[in-house]
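Right, one structure below, let's go through it.
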Amino acid sequence: QQSPVANMNNPLFTLKPGKFDVVLCIDNTESTANRKSTSHFRGLLLEELNKNGVKFSVRKLSVGDFIWIAQERVDVSKGRLRLPESREVVLEYIIERKRMDDLAGSIIDRRFQEQKFRMKHSGVYNP
């Protein structure tokens, strides 16, 4: 039996208007980096997102530093022992954040080409 594959003509499911939230996903390496400047950036970023009411989730991303998802709202009924899992759809943009020194270093050590390859082959339309 083949696993289901979604495409534009045959989606696995449809999120109806008003039944999902747009959530910014932040790679956990962006939010737990050890360098002082990155740590400062992380603190400011999460603070600003909270202050501006932006829904976000810190998690391990396989590609990029930031992606947006449409996350299904789940019914929270009394008497349930646990919440049902919400379905998610990755939206069409991936962001790879680079400082100038990191960009230069990633070009020299070829991480830039590897990251670009993974983004182009991620299945996201506008990486």
Side-chain angles (χ1 to χ4, degrees):
Q1 170 178 331
Q2 286 185 321
S3 63
V5 176
N7 62 45
M8 293 300 282
N9 298 322
N10 186 26
L12 294 176
F13 63 94
T14 303
L15 294 176
K16 295 183 177 21
K19 300 294 183 183
F20 65 91
D21 294 310
V22 175
V23 178
L24 175 63
C25 295
I26 305 167
D27 186 58
N28 60 9
T29 59
E30 280 297 304
S31 67
T32 59
N34 292 327
R35 286 197 285 200
K36 186 176 181 181
S37 64
T38 304
S39 177
H40 180 67
F41 168 78
R42 175 196 69 234
L44 289 174
L45 173 67
L46 299 182
E47 181 182 319
E48 285 298 315
L49 291 173
N50 274 321
K51 187 169 36 173
N52 288 289
V54 175
K55 293 183 182 207
F56 66 91
S57 171
V58 177
R59 55 176 78 175
K60 175 68 179 134
L61 299 179
S62 57
V63 63
D65 294 324
F66 304 93
I67 62 169
W68 282 270
I69 61 169
Q71 184 179 63
E72 181 182 39
R73 293 180 185 153
V74 293
D75 180 29
V76 182
S77 302
K78 290 185 177 184
R80 290 189 115 145
L81 295 176
R82 64 184 171 137
L83 288 175
E85 287 193 34
S86 62
R87 297 175 291 183
E88 299 177 345
V89 176
V90 175
L91 301 178
E92 295 189 356
Y93 291 92
I94 300 172
I95 303 218
E96 180 70 35
R97 185 180 79 91
K98 295 276 186 217
R99 292 182 326 274
M100 286 303 292
D101 61 325
D102 186 36
L103 176 61
S106 69
I107 291 170
I108 292 168
D109 68 15
R110 306 208 41 90
R111 280 181 295 126
F112 179 80
Q113 284 77 12
E114 182 266 333
Q115 289 171 333
K116 186 169 94 172
F117 176 85
R118 286 191 303 126
M119 289 173 79
K120 287 181 87 168
H121 292 85
S122 69
V124 174
Y125 186 69
N126 291 309

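Given the structure is predicted, the values throughout are model-derived calculations rather than measurements.
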### Message
The criterion is salt bridge (Lys or Arg N to Asp or Glu O under 4.0 Å); which residues satisfy it with Lys51, sequence neighbours excluded?
### Response
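Glu48.
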### Query
For Arg111, what residues pass the salt bridge (Lys or Arg N to Asp or Glu O under 4.0 Å) criterion, not counting sequence neighbours?
Asp102, Asp109
### Message
Measuring only between side-chain heavy atoms, which start at C-beta, is Val124 closer than 4.5 Å to Ile67?
### Response
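They are not in contact (no side-chain heavy atoms under 4.5 Å apart), so the answer is no.
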Quick one: side-chain contact (heavy atoms from CB on, under 4.5 Å) partners of [X], sequence neighbours excluded?
{"X": "Leu15", "result": "Phe13, Phe20, Ala70, Glu72, Val89"}
{"X": "Val63", "result": "Ile94, Arg118, Met119, Ser122"}
{"X": "Asn50", "result": "Phe56"}
{"X": "Glu88", "result": "Arg59, Ile69, Gln71"}

For the student: nearest non-hydrogen atoms of [X] and [Y], plus distance:
{"X": "Asp27", "Y": "Leu61", "answer": "OD1-N, 2.7 Å"}
{"X": "Asp65", "Y": "Glu96", "answer": "OD2-OE2, 3.3 Å"}
{"X": "Gln113", "Y": "Arg110", "answer": "OE1-CA, 3.2 Å"}

Could you see if [X] belongs to whatever hydrophobic cluster contains [Y]? Use Ile, Leu, Val, Met, Phe, Trp, Tyr and a side-chain cutoff under 4.5 Å.
{"X": "Ile107", "Y": "Phe117", "result": "no"}
{"X": "Leu46", "Y": "Val22", "result": "yes"}
{"X": "Val54", "Y": "Tyr93", "result": "yes"}

Find the distance between [atom1] ([X]) and [atom2] ([Y]) and round it off to the nearest 0.5 Å.
{"X": "Ser106", "Y": "Arg99", "atom1": "OG", "atom2": "CZ", "answer": "10.5 Å"}
{"X": "Phe66", "Y": "Cys25", "atom1": "CZ", "atom2": "SG", "answer": "11.0 Å"}
{"X": "Asn52", "Y": "Glu47", "atom1": "CG", "atom2": "CD", "answer": "10.0 Å"}

